[in-house]
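Beneath this line is the structure, given in structure tokens, with notes to follow.
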There are 2 protein chains.
Amino acid sequence: MARTKEFNEDQALDKAIEIFWHKGYNGTSAQDLVNHLGLSRSSLYDTFGDKQKLFVKSLKRYQKQNLDSLTELFENAENIKTALTEIFKQAVIESLQDRITKGCFMVNSAVELAMHDPEIAKIVHDNQKVVEDIFCNAVKKGQESGQISDRQDARSLARFIFNNYSGIRVLARAGEKDKQVYDDILKAIFSLF
Amino acid sequence: MARTKEFNEDQALDKAIEIFWHKGYNGTSAQDLVNHLGLSRSSLYDTFGDKQKLFVKSLKRYQKQNLDSLTELFENAENIKTALTEIFKQAVIESLQDRITKGCFMVNSAVELAMHDPEIAKIVHDNQKVVEDIFCNAVKKGQESGQISDRQDARSLARFIFNNYSGIRVLARAGEKDKQVYDDILKAIFSLF
DNA sequence: CTAATTCGGGAACGATTGTTCCGTATTTTC
DNA sequence: GAAAATACGGAACAATCGTTCCCGAATTAG
């Protein structure tokens, strides 16, 4: 009946993640999206509705990607403590190597939009809860196997980890490029485990 | 020669801080500023130049206010550890009580603008350095008097404190209203001191 | 090949953006 | 009291915003 789509929707979404992540929601214009996604205005609006819907879809996709890799990391980890250090070290590496540092798309969106868009607020809040649970279960496993100190209860530690992860992503977004700063923070964090 | 200003420039700046803090730079329109500051467009532009200049002036004023109160807090503090807990507890109280939570104007601006505006990036970076130094000196004093453990070096602890402060402000901005979440994080943080 | 369908480029929409300009009112100095 | 100076309100600016619409081109099924 009709012709098939000439572009891959998921690939377009990945492009949208890039530009929204870099410029933020309010900082990204419709023209920016047309330029960066390589689609015409009409195709863009026909496919995704409007800018807000496209943003929500992008953020949800980003969230899924991150949660999947986080879950996988802990599933395959022999040592929980090592896995946790790996997560933070990876964040530091990204912060240092990216010529333009984008921080964390979820954190950026939380700061820019959570107050003003209930739909974004829900995504942010859900994400926080899920990530916290993943951390919490990991910490519990680590404590049972004696890899992590049980002086702190797991839930408290999980929230603490999440908080420091946010902080580091803000630091990266702010353009911090001094490795020593990150290393100092990590040293303090891991003295707790 | 000429008539005097009918409004107080600092009061206007405080109003500008409020609206920029709440809505962000890109989210605040010229009309928003006119409505909120109670000035005419012409007075606004005559006095402050343009939107970017007004924003910079607002952010600098906010920074000065916060640095002053931070410095004063540590100067008058008998116990450094107590002073540190006070800072965090105050942040938590603000996060919980504000009907609309604005987080920290500096953190918000860092996330939204540091990548795209070198002038903002410099303010953010300067602020980070100064706050870090204040924390560092406070920690040193606390360690010398035995109020704070010296298992961690002062610089590292200062950066760690700064990082968690950022994290908590993001959490607040994201709308977290569960006191237990903040308390858990604080408990973990202060187990390090 | 024909008919149905939908793609995608580009023009165009009204609304809003940040900014400028002008005219009047007001105030101050001499 | 006259003259100089500036604050102020509001109209107006061009540019850009997000969004819609139209139309020829392309692709599919029968």
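Here is the naming used below: chain letters follow the sequence lines, and residue numbers restart at 1 for every chain.
- Around atom CD of B/Q180, more than 12 heavy atoms belonging to other residues, nucleotides or ligands sit under 6.0 Å away.
- The list of ring pair (Phe, Tyr, Trp, His ring centres under 6.0 Å) pairs with a residue in residues 121-152 of chain A, not counting sequence neighbours, is empty.
- There is no side-chain donor-acceptor pair under 3.5 Å between A/T85 and A/T82.
- For the salt bridge (charged side-chain N to carboxylate O under 4.0 Å, His left out) test, no residue two or more places apart in sequence or in another chain qualifies with B/R41.
- Atom pair B/L33:CG and C/dT17:C1' shows a separation of 12 Å (rounding to whole Å applied).
- Applying the ring-ring contact (aromatic ring centres under 6.0 Å, His included) rule to B/F20 yields the partners B/F55; only residues at least two apart in sequence or on another chain are considered.
- Distance A/N8 CG to C/dG8 P: 12 Å, rounded to the nearest Å.
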query: Which letter, B, S or -, goes with each nucleotide of nucleotides 10-22 of chain D from 5' to 3', with contact meaning a protein heavy atom under 4.0 Å?
result: BB-----SBBBB-

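- Within residues 115-124 of chain A, no residue places a heavy atom under 4.0 Å from DNA chain D.
- B/R61 meets the salt bridge (charged side-chain N to carboxylate O under 4.0 Å, His left out) test with B/D10, B/D14; sequence neighbours excluded.
- The salt bridge (charged side-chain N to carboxylate O under 4.0 Å, His left out) check on B/D46 picks up nothing, with sequence neighbours excluded.
- Scored by the salt bridge (charged side-chain N to carboxylate O under 4.0 Å, His left out) test, A/D178 finds no partners at all (sequence neighbours excluded).
- Taking atom CG of B/L44 as the reference point, atom C1' of D/dT6 lies 16 Å away to the nearest angstrom.
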Can you give the donor-acceptor pairs under 3.5 Å from side chains of residues 100-120 of chain B to other protein atoms, not counting sequence neighbours?
unit_1: B/T101; atom_1: OG1; unit_2: B/K177; atom_2: NZ; d: 2.7
unit_1: B/N108; atom_1: ND2; unit_2: B/K102; atom_2: O; d: 2.8
unit_1: B/N108; atom_1: ND2; unit_2: B/C104; atom_2: O; d: 3.4
unit_1: B/S109; atom_1: OG; unit_2: B/F105; atom_2: O; d: 2.7
unit_1: B/E112; atom_1: OE1; unit_2: B/Y25; atom_2: N; d: 3.0
unit_1: B/E112; atom_1: OE2; unit_2: B/Y25; atom_2: N; d: 3.4
unit_1: B/E112; atom_1: OE2; unit_2: B/N26; atom_2: N; d: 2.9
unit_1: B/E112; atom_1: OE2; unit_2: B/N26; atom_2: ND2; d: 3.2
unit_1: B/H116; atom_1: NE2; unit_2: A/H22; atom_2: O; d: 3.2
unit_1: B/D117; atom_1: OD1; unit_2: B/E119; atom_2: N; d: 2.9
unit_1: B/D117; atom_1: OD1; unit_2: B/I120; atom_2: N; d: 3.3
unit_1: B/D117; atom_1: OD2; unit_2: B/Q52; atom_2: NE2; d: 2.8
unit_1: B/E119; atom_1: OE1; unit_2: B/Q52; atom_2: NE2; d: 3.3

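- Here B/S69 pairs with nothing under the side chain to side chain donor-acceptor pair (under 3.5 Å) rule; sequence neighbours left out.
- As a whole-Å value, the separation of B/E9 CD from D/dA7 P is 11 Å.
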- prompt: In dot-bracket, 5' to 3', how would DNA chain C read with Watson-Crick or G-U wobble pairs under 3.5 Å, [ ] for crossing ones and | for pairs to another strand?
  reply: ||||||||||||||||||||||||||||||

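- Whole-Å rounding puts the B/D46 CG to C/dC22 P distance at 13 Å.
- Residue pairs meeting the side-chain hydrogen bond (donor to acceptor under 3.5 Å, both in side chains) criterion with at least one partner in residues 133-142 of chain A, sequence neighbours excluded, are A/D133-A/R155.
- Rounded to an integer number of Å, the gap from B/L39 CG to D/dT6 P is 18 Å.
- C/dG18 atom P lies 12 Å from atom CD1 of B/I19, rounded to whole Å.
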